[in-house]
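Just so you know, these numbers use all the heavy atoms, side chains as well, and skip hydrogens, waters and symmetry mates. Lettering follows sequence order; numbering is per chain, from 1.
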Amino acid sequence: MTGLLDHLIIVPILLPLVSGAVMLLLEERHRILKGGIGVATTLGLLAVSIMLLRLADLPPAGPDGSAVSVYQLGNWPAPFGIVLVLDRLSALMLVLTSVLGITSLLYSLARWHRAGPRFHTIFQLQLMGLNGAFLTGDLFNLFVFFEVLLAASYGLVLHGDGIGRVKAGLAYIAINLTGSFLFLIGASLAYGVTGTLNMADLANRIPTLAPGDATLVAAAAAILGTAFLMKAGAWPLNFWLPTTYAAASAPAAAMFAIMSKLGVYVILRLWMLVFGPAAGPLAGFGGDGLLVIGMLTIAFGTVGVLASQSLSRLAGCSVLISSGTLIAAIGTGGGTVIGSALFYLVSSTLGISAFFLLVELVERLRDPGADVLAVTMEAYGEGDDDGPQHEEVGVAIPATVALLGGSFVACALLLAGLPPLAGFIGKFGMMVAMLKTDGATVQASTWMLIGLLTVSGLATLIAMTRSGISSFWARLDDSVPRVRVIEMAPVLCLLLLCLGLTVGGGPAMRYMEATMQALRTPQGYVTGVLSAPRTGSNDGEDSP
Amino acid sequence: MMELVFALAVGILTASGVWLLLRPRTFQVIIGLSLLSYAVNLFIFGMGRLRIGAPPVLENTEAVDPALYTDPLPQALVLTAIVISFAMTALFLVVLLASRGLTGTDHVDGREDGQ
């Protein structure tokens with residue numbers, strides 16, 4: 001671990017922290033400057049995370065064959081110090097975070113960043129919390145980053161003010177505080193039994209536990225799992241999610257699309273690591289529970305999608321379907337499903353994020369009053385220099401309705417999982433992997449899951465078609481809403497990325513398969529983390 | 001005896017906290033969250049095993065018997081958890097007041113029953 005390149009791992013945490021802190025010192029009226037700093041930081045994050053992705057994808061070069069890069073904070077080796085761990089999965093999530101970050105931020109520059117104070121700082125802190133949570137290799141450190149991103153997300157939910165947001169925010173904060181308490185109970189219980197908070201060390205110690213202690217660890221894992229499932233939006237702990245996401249401003253909601261995936265990520269990471277085949281009596285703990293919860297979540301989301309009256313609620317319910325699909329895929333435990341599930345994770349996150357951004361633009365089309373309302377809210381939040389006239393300035397794009405309609409169709413295809421877009425590849429890959437059982441009979445639960453996946457896709461398609469018809473074809477007036485390039489570009493960018501995922505499906509799928517292989521053999525992660533040498537110790541000898 | 005009292009304290013705090021959390025007034029919810037956070041903090045502390053008269057910090061750098069010392073890590077965790085839950089409760093209080101101001105009621109739904 002020498003050279004500047006090794007410090008690259010901590011950059012995704014430090015960069016937004018520093019930039020957020022700097023922007024705190026600037027006055028609110030320097031909005032353009034703040035926007036510039038924000039965009040520059042987020043672009044930097046994107047570059048760094050792509051570099052990290054390439055770093056993680058290199059074949060293992062270390063003498064011990066470890067496929068992970070470890071950054072020891074304060075130069076304390078694991079499990080005594082806190083480590084940041086970069087592997088394929090975390091690198092993938094980092095890239096996804098920064099892609100959503102840059103698109104949401106660009107979108108917010110059109111109007112939303114004026115709707116309330118300190119938007120850019122909160123936004124950067126949100127990115128910092130997400131990146132930290134994806135990188136950390138320590139359970140309690142994960143809690144701290146969870147709190148960072150939650151605190152920032154409270155700010156983002158309330159951004160723009162208004163009764164709807166405050167009411168939704170109240171429920172959102174209450175449930176997340178409760179979830180944090182569950183997290184703390186689970187983490188401290190796991191520490192009390194195993195004596196470690198390091199995830200790799202935890203995986204090492206669990207197979208050697210006494211039977212009584214193993215029960216306690218199972219309890220700790222269940223409590224932790226509840227906290228993460230709550231975050232992921234699993235039924236029955238998800239009634240807050242569609243309301244909150246629908247109430248949040250468009251760029252905030254687009255960012256939240258990855259927040260529910262964080263819950264899924266942690267479950268995937270911890271479950272594969274700690275309760276893998278080598279975990280002795282606890283191997284595969286909770287898999288059936290995850291499968292059932294995932295299926296119930298899909299069912300709930302499907303009903304929710306069909307029942308949605310507004311587009312933003314529809315988007316919120318498709319978050320539930322996406323989370324449910326992933327949780328159920330993890331629950332099937334069959335490793336090959338995970339590879340396609342990761343592909344689905346990326347495409348559905350991009351699709352949902354694009355949809356959240358698009359919803360606001362489409363709603364302008366549907367109800368000309370909505371535009372006025374948004375401007376009023378803006379005036380309510382800030383009310384100094386920008387009058388309603390301000391909105392008419394800026395480049396408006398021609399053929400707005402056609403472009404909006406095209407994007408809407410693309411979102412519908414992505415969310416419903418129809419060809420030719422990337423949602424189809426992920427979903428189809430999952431189904432194929434589930435049915436490939438090497439001669440054994442396919443279980444009834446697998447058939448149910450496949451049925452649910454198909455039905456949820458159909459329901460999404462029906463709901464999207466219905467709202468598409470009422471938004472685009474059955475309009476009463478022919479007024480064309482003003483949509484600015486900076487608002488449309490992020491949506492198109494996200495959708496093009498999904499198209500890119502389809503075209504470059506081969507390399508992307510190869511990466512996901514490699515990720516899945518690494519997840520299935522957690523020993524590489526464990527030895528990689530625990531035997532990483534300290535910086536400056538030339539002979540690798542451990543000093544006391 | 002000490003363990004029993006400790007467990008009872010955690011249990012009673014949790015029970016009261018959960019009950020208050022499910023009440024319809026925002027003020028009750030926030031008191032419930034505070035009680036829950038006390039319970040959780042005590043629980044984390046208890047996970048380092050209850051010891052009396054054992055310091056958590058080594059006094060000298062010579063070789064010492066670790067059995068004479070208590071586990072310092074849960075105490076550090078409690079400190080972090082206290083700070084975080086305190087900050088979050090303060091933030092929740094602000095949102096609570098905003099909700100009270102905007103909706104004119106302290107009901108968690110933003111409107112009175114039957115309205």
Side-chain angles (χ1 to χ4, degrees), chain A residues 79-82 122 138-141 143-148 150-155 157-158 161-198 216 220 223 227 240 243 247 380 544, chain B residues 10 13-14 17-18 21-22 26 28-30 32-50 61 63 71 73-78 80-85 87-111:
Chain A
F80 304 106
I82 292 172
I122 298 176
D138 183 276
L139 207 52
F140 197 79
N141 197 229
F143 166 74
V144 175
F145 280 120
F146 248 74
E147 289 304 312
V148 171
L150 283 177
S153 76
Y154 302 152
V157 166
L158 296 170
D161 245 320
I163 286 187
R165 295 205 177 98
V166 171
K167 268 161 73 175
L170 199 68
Y172 176 70
I173 297 177
I175 192 145
N176 275 305
L177 279 176
T178 318
S180 305
F181 293 145
L182 286 176
F183 194 156
L184 278 175
I185 293 174
S188 58
L189 191 56
Y191 175 77
V193 180
T194 61
T196 184
L197 282 168
N198 185 287
L216 276 178
I223 295 173
W240 57 273
T243 318
Y380 183 76
Chain B
V10 173
L13 279 173
T14 313
V18 169
L21 191 62
L22 300 173
T26 45
Q28 291 168 318
V29 172
I30 199 164
L33 284 170
S34 306
L35 289 184
L36 263 183
S37 84
Y38 297 149
V40 168
N41 290 338
L42 279 177
F43 181 81
I44 302 174
F45 187 76
M47 279 299 113
R49 307 294 184 273
L50 300 173
T61 49
D71 191 346
L73 196 70
Q75 306 193 4
L77 301 188
V78 168
T80 318
I82 289 175
V83 174
I84 290 178
S85 60
M88 293 302 156
T89 312
L91 194 146
F92 190 63
L93 198 60
V94 175
V95 180
L96 183 159
L97 286 175
S99 165
R100 173 72 180 80
L102 283 171
T103 61
T105 162
D106 64 347
H107 196 280
V108 287
D109 291 338
R111 58 168 194 273

Quick one, [X] and [Y] - any side-chain contact, counting heavy atoms below 4.5 Å?
X	Y	value
A/L177	B/F92	yes
A/Y154	B/V94	no
B/F43	A/L184	no

So what's closer than 4.5 Å to chain B heavy atoms on A/L189: side chain, backbone, both or neither?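 Backbone plus side chain of A/L189, per the 4.5 Å heavy-atom cut-off to chain B.
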
Atom pair [atom1] ([X]) and [atom2] ([Y]), whose distance is rounded to the nearest 0.5 Å:
X	Y	atom1	atom2	value
A/S188	B/L73	OG	CG	11.0 Å
B/M47	A/L216	CE	CG	7.5 Å
A/I173	B/L96	CD1	CG	9.5 Å
B/L102	A/L170	CG	CG	11.0 Å
A/F146	B/I84	CZ	CD1	12.5 Å

Which heavy atom of B/R49 sits nearest to which heavy atom of A/G192, and what is that distance?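 Heavy-atom minimum between the residues: NH2-O, 2.7 Å.
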
What residue, out of A/A174, A/G169, A/G155, has the most heavy-atom pairs lying under 4.5 Å from chain B?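 Between A/A174, A/G169, A/G155, the count favours A/A174.
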
Please classify the contact of B/L21 with chain A as side chain, backbone, both or neither, using a heavy-atom distance under 4.5 Å. side chain

Heavy-atom pairs under 4.5 Å with chain A: which of B/T80, B/T89, B/V29 has the most?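 Among B/T80, B/T89, B/V29, the one with the most close pairs to chain A is B/T80.
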
Chain A: which of B/N41, B/I44, B/L77 shares the most heavy-atom pairs with it under 4.5 Å? B/L77

